[in-house]
Structure formats: structure tokens, C-alpha cells
Amino acid sequence: LVSIWTQHQINPDVWLYFKDAGQIVHGAIPYRDFHIEYPPGATFIFWLTWWIPGNYTTAFSALMLVCLCVCLLGVIATARALGLSPIRQALAGGVIAFSPLILGSLVQARFDMAVAAVIAWMLYAAVTERWKLMWVLLAAGILIKLVPVALLPLLVIWQAHRVDWRAAIRGAIASLVIVAAGIVPFAVLSPSGTWYFIAYNLRRPPQLESMASNVYLVLHMVAHTHLTIIENYHSEGVSGAGPAALGVVSTVLLVALVVGCAIWSARRLASLDPPHDAAVMIAGAAATMVALTVAGKVLSPQYMIWLL
């Protein structure tokens, strides 16, 4: 599968990245001059890839390979910080190293690998009590893709457990200030254009692969309810009042699961002391990422990368 990293056939998503990068290079300002459905950090990745020598697809693949290696190192460093045995460290690293054999071209054709790398080192910073680094990396992850914001409650609880609530809340606020600093300049230039990348995800119907859509597909098969599949937002979704209601239910369920993971972690941490408490925090983070993939109304295949 070496061809995964060297193929020149441009993926539909990479084509969007290429088009956005080209507009920026030629003077267009993101969010003001053209719509983009990703946060500023992702836009920076697209722009950065433009300047890597060679074919854009190959350059993007190479950048994601670097992110894969960075993620691998972060996972091993975290496993070592947790005091895991060399065998368990190797198993943890092996999952990352062999992920292209499991996920195929998703690893090199989506920028989610960059998010995974940031989260891996953010968890390392959390385990080793590098609090400033932890909050900076959380902000960086949110600016690339909004997903890591779901880990914010858990990180507040973790620092409060190891230090105190005041320091944890200060760190969380500082992290959100960094996120605002990355978004506000674009919001000043174009409020509606900047809001677009948030509204884009809020407006999307339940994606065909999501749990909400699968519930409706079962109802269609069993009870013969009316079903309309539409293609928009670069994917296929289930349209109508029923699926929309299920999408709302799945979003509420998602929030409940994220909060539940944080509460579970807080209760477990209250009865544990270092170093055994760190494993609970990692488990809480893993459970949160699983909740995001299972309960979200959108389940694009690349979201499997989050589980790494």
C-alpha cells in the first residue's frame, strides 16, 4: 500500500483544499471572499501545503504522513508517561503505525490526521502536568477542527483534580481566548462569512452513515415510512421532518454523553491519587471521542481517525 502516499489521483476533499489554497495564494481572504466550511487552522494547513514542492496531492499526503508520525510519537510518549510496559507501549504505537492498512487512503487524504496528532500531544501534556502546553494545544486543535472542544470539560476537571479549580478555569479561559484570537480577525472582516463554517455543520441533515439516519432507515424498512435521500454538503443525507427531529435527538444525546464522560471521570478521579488517576483521564478522553463518532448526526469515514 505504498501507493497510498504517492498516488496522484486527487481526492474530492483534497480538491477542495487545493481550490481554497489557490484562492488564498491569489489574494482572496477566507470567509470574506469565498465560503469555507473549516476553521482558520485548517485553512492554514491547506495554504501551507501549496508551498510544499511537487504535486499538491502528493504534498498533502506527505504532510499527513508527518502528522501520522507525530501522532505515533505522542501516543508512545503518553504511554511511557502512564508507566505502561514496553509491550503495551509497542501495541499502542502499533495501532497508529498500521492505521493506513486499516483506514486506507483516509489517512492521507483528510486533514483529520493533524487533529489526531495535536490531541495525542495534548494528552501527553495533560498526563505530565504541562498545563500551559495542554491548553495551547487544545486551542490549536479547535482552530483546526472544532471537535477537540468536547474535551474541554474533561481537561478542566483533570487540572482541578491535580491542582485546583481556579487554575483550571484560568487555563480554559486562556485557551478559548487563543481560539478567539484566531477567529475574531476574520469575523471582523466578514461576520456572515465566518459564521458560515459553524452554520454549515448546524444546517447539515443527518448523514447517511450516522446513527440517526440508520434509525430512520430501519423505520423505513420495517414501518415503510417515507424516505428521501439527498446529496448536499459533499455527502449523502436523509431529508425530511422525521430525520431532522432524529438529528436533534442525536445532538442532545451527544451532549449528554460528553457531559456523562466528564462526570464519570470526575467521580473516578475523586477516589484516586497519582499516578493511577492519569489512566482515568485518558479513558475519559477516549470515551468522549467514541461518543463524538457514535452520536453525531454526521459520521464521515475520516472521523475514524479521531479514534486513533
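Atoms considered below: every heavy atom in the structure, side chains included; atoms not considered: hydrogens, waters and symmetry mates. Just so you know, these numbers come straight off a predicted model, no measurement behind them.
- Between atom CG of residue Leu154 and atom CD1 of residue Ile263 there is a gap of 12.0 Å, rounded to the nearest 0.5 Å.
- Considering all non-hydrogen atoms of both residues, Pro205 and Val238 come closest at CB-O, 3.7 Å.
- By the 4.5 Å heavy-atom criterion applied to side chains, Ile157 and Trp165 are counted as neighbours.
- Linking ILVMFWY residues whenever their side-chain heavy atoms come closer than 4.5 Å, directly or via other members, leaves Leu253 and Val248 in distinct clusters.
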(message) Show, in sequence, the C-alpha distance, side-chain angles and deciding distance for Ile24 and Trp50, and conclude whether the side chain to side chain contact (heavy atoms under 4.5 Å, CB included) test is met.
(response) CA-CA 10 Å; Ile24 297 171; Trp50 182 278; over 6 Å; no

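- Side-chain N or O atoms of Trp135 include none that pairs as donor or acceptor with a backbone N or O of Arg170 at under 3.5 Å.
- For the atom pair Met122 CE and Thr78 OG1, the distance stands at 9.5 Å (nearest 0.5 Å).
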(request) For side chain to side chain contact (heavy atoms under 4.5 Å, CB included), just list the numbers for Phe34 and Ile36, CA-CA rounded to whole Å, side-chain angles, deciding distance to a tenth of an Å, and then say yes or no. (result) CA-CA 7 Å; Phe34 64 96; Ile36 183 168; 4.3 Å; yes

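- The two atoms that bring Val127 and Ile282 nearest to each other are CG2-CD1, 3.9 Å, heavy atoms only.
- To the nearest 0.5 Å, the span separating CG on Leu137 from CG on Leu123 amounts to 9.5 Å.
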(request) Test Glu37 against Leu16 for side chain to side chain contact (heavy atoms under 4.5 Å, CB included), laying out the working first. (result) CA-CA 10 Å; Glu37 61 266 30; Leu16 291 175; 4.2 Å; yes

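- Contact detail for Leu82 and Ala279: the closest heavy-atom pair is CD2-N, 4.0 Å.
- No side-chain donor-acceptor contact under 3.5 Å links Ser175 to the backbone of Gly171.
- Under a hydrophobic clustering in which Ile, Leu, Val, Met, Phe, Trp and Tyr are joined whenever their side-chain heavy atoms come within less than 4.5 Å, directly or via other members, Leu272 and Leu84 fall into the same cluster.
- Once rounded to the nearest 0.5 Å, the distance linking OG of Ser250 with CE of Met211 reads 6.5 Å.
- Between Thr43 and Asp20, every side-chain heavy-atom pair lies at or beyond the 4.5 Å cut-off.
- Ring geometry for Tyr56 against Phe60 counts as parallel: the plane angle stays under 30°, on a 0 to 90° scale with 60° as the upper cut.
- Scanning both residues, Glu209 and Asn214, for their nearest heavy atoms gives O-ND2, 3.3 Å.
- Asp164 places no side-chain N or O within 3.5 Å of a backbone atom of Ala160 that could act as its donor or acceptor partner.
- Remark: side-chain polar atoms of Ser213 are paired, donor with acceptor, to backbone N or O of Gln207 under 3.5 angstrom.
- Using the six-membered ring where Trp is involved, Tyr303 and Trp306 have ring planes that are parallel, under 30° apart on the 30 and 60° scheme.
- Dense packing is recorded around CZ of Arg162, with more than 12 heavy atoms of other residues, nucleotides or ligands lying under 6.0 Å away.
- Taking the six-membered ring for Trp and thresholds of 30 and 60 degrees, Tyr196 and His35 have nearly parallel ring planes, at less than 30 degrees apart.
- Residues Ile45 and Val25 share a hydrophobic cluster, clusters being chains of Ile/Leu/Val/Met/Phe/Trp/Tyr side chains in contact below 4.5 Å.
- Across all non-hydrogen atoms, the minimal contact from Ile76 to Gly93 is CG1-CA, 4.0 Å.
- Side chains of Leu217 and Leu208 form a contact here, defined as non-hydrogen atoms less than 4.5 Å apart.
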(request) Assess whether side chain to side chain contact (heavy atoms under 4.5 Å, CB included) is satisfied between Leu138 and Ile142, documenting all intermediate values. (result) CA-CA 6 Å; Leu138 175 66; Ile142 295 172; 4.0 Å; yes

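- In this structure, Leu48 is a member of the same hydrophobic cluster as Ile144, with clusters built from ILVMFWY side-chain heavy atoms closer than 4.5 Å.
- Among all heavy-atom pairs drawn from Gly296 and Ser210, the shortest one is O-CB, 3.7 Å.
- Residue Trp158 holds its CH2 atom at 14.0 Å from CG of Leu151, rounded to the nearest 0.5 Å.
- Here the side chains of Met134 and Leu155 are in contact, with some heavy-atom distance below 4.5 Å.
- Contact check for Asp13 versus Phe111: no side-chain heavy atoms found under the 4.5 Å cut-off.
- No donor-acceptor pair under 3.5 Å is formed between the side chain of Ser239 and the backbone N or O of Thr228.
- Between Leu65 atom CG and Gln108 atom CD the span is 10.0 Å, to the nearest 0.5 Å.
- Val188 and Val179 sit in two unconnected hydrophobic clusters of ILVMFWY residues. Membership requires side-chain heavy atoms under 4.5 Å apart, directly or through other members.
- Between Cys67 and Met64, the closest side-chain pair of non-hydrogen atoms falls below 4.5 Å.
- Taking 4.5 Å as the limit, every side-chain heavy atom of Phe46 sits out of range of all side-chain heavy atoms of Lys19.
- Side-chain N or O atoms of Tyr31 include one that pairs as donor or acceptor with a backbone N or O of Pro39 at under 3.5 Å.
- Val147 is listed as a side-chain neighbour of Met289, based on a closest heavy-atom distance under 4.5 Å.
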